[in-house]
Amino acid sequence: MIPSSGVGLHEFEVVSNEEVATSTWRLVLRAPALAGSIRPGQFMNLEVPGDPSHPLRIPLSFASADAVAGTVDLVYAVVGEGTERLSHMAPGQRSTAVGPSGHGWRLPESVPVRVLLVAGGVGAPPIVAAAGMLAGAGVPFDAVLGAQTASRLWGEERLSSLGAGTVLVTTDDGSRGIKGFTTDAMSRLLGERDYGLVMSCGPQPMMAGVARLARSAGIACQVSTERMMGCGFGACNSCNVTMAAGGYRSCCSDGPVFDAEELAW
Ligand SMILES: Cc1cc2nc3c(=O)[nH]c(=O)nc-3n(C[C@H](O)[C@H](O)[C@H](O)COP(=O)(O)OP(=O)(O)OC[C@H]3O[C@@H](n4cnc5c(N)ncnc54)[C@H](O)[C@@H]3O)c2cc1C
Ligand code: FES
């Protein structure tokens, strides 16, 4: 059973589904009620047809939603059986999505002077959604975007077109931008400008480094977490996130976005 806290079951139709970087696909789907209600940092759970032996839905964040066109724009990496099948969904094909799920990014009541966004790999979609939220609220922002290698980068143009002041790109192998990690570029920007908030999504070790840097600079930090998910709406206890104060909370219904200070890294 799906709970009634705004989460619903939506039929969707694939508008387009194309590879935009190595093993990285952009999926545009039409689901008007979902497009009109999903907020930056929330996610949805997609049913991918074609293999009854894999009944679990795939949790995916989104990069943008267009309430007028009724479309949602997602970007995903093909990492296993489900995302491989998803990459074969063709325009016109239909399935269902459960959402909008979880709690997304929060703008503090005293709006920060400037925000720093830090994304690694396929952490980029919810960071692009955060950029859209900041642009809509008139809050200036810079971004750091990291990937293993240039061919896996996605999101730089989107961040620039949303009005990022500076976008620093890093790659582990130096094939594009700064050779190194997102935290190297983040340190550089922290030395140049004052930020009131950091928002980050990427691999757990990267976000731990981002949270450490933000803490030592005395800047509030929100992170978007990822866990393996069974149900996606708070019923199965499979997506626990360990809290600094002890105990656990659910990534799917309490998160995926948490204040970095709340988490046990
Ligand atoms: C809230 C949330 C938002 C997400 N947003 C995005 C997104 O915008 N773009 C994107 O590319 N991916 C995103 N993911 C990760 C995505 O859900 C997984 O990559 C996907 O479920 C893998 O399914 P699969 O059947 O292809 O892989 P599987 O065969 O199930 O697994 C392949 C590999 O991926 C790992 N994996 C599987 N599920 C997850 C998961 N939920 N989180 C982390 N690692 C996982 C497995 O440990 C394994 O190493 C998100 C996950 C969560 C929880
Ligand atoms: S996935 Fe079931 S409780 Fe979070």
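This one's a predicted model, so the numbers in the text were calculated from it and none came from an experiment. Counting starts at 1 for both ligands and their atoms, in listed order.
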Flag side-chain contact, heavy atom, 4.5 Å: Ser250 against Phe233: no
Beyond-backbone contact of Thr149 with Asp172, side-chain heavy atoms, under 4.5 angstrom: no
Under 2.8 Å from atom 2 (Fe) of ligand 2 - protein N/O/S, by chain and number: Cys231 SG, Cys236 SG
Results of side chain to side chain donor-acceptor pair (under 3.5 Å) for Asp51 - residues two or more places apart only: Ser53, His54
Would you be so kind as to tabulate the donor-acceptor pairs closer than 3.5 Å made by side chains of residues 138-145, with sequence neighbours excluded?
| unit_1 | atom_1 | unit_2 | atom_2 | d |
| --- | --- | --- | --- | --- |
| Asp142 | OD1 | Arg114 | NH2 | 2.9 |
| Asp142 | OD1 | Thr166 | N | 2.9 |
| Asp142 | OD1 | Arg193 | NH1 | 2.7 |
| Asp142 | OD2 | Arg114 | NE | 2.8 |
| Asp142 | OD2 | Arg193 | NH1 | 2.8 |
| Asp142 | OD2 | Tyr195 | OH | 2.6 |

Salt bridge Glu18-Arg26, side-chain N to carboxylate O under 4.0 Å: no
Amino acids contacting ligand 1, non-hydrogen cut-off under 4.0 Å: Phe43, Ile58, Pro59, Leu60, Ser61, Val75, Tyr76, Ala77, Val79, Gly80, Glu81, Gly82, Thr83, Val122, Pro125, Glu226, Arg227, Met228, Met229
Joint cluster assignment, Leu86 & Leu29, ILVMFWY side-chain distance < 4.5 Å: yes
Qualifying residue, where the test is side-chain contact (heavy atoms from CB on, under 4.5 Å) with Ile38 and the options are Ser61, Ser64, Pro100: Pro100
Nearest-0.5 Å distance, CE of residue Met133 to CG of residue Leu117: 9.0 Å
Asn17 and Tyr76: side chain donor to acceptor below 3.5 Å: yes
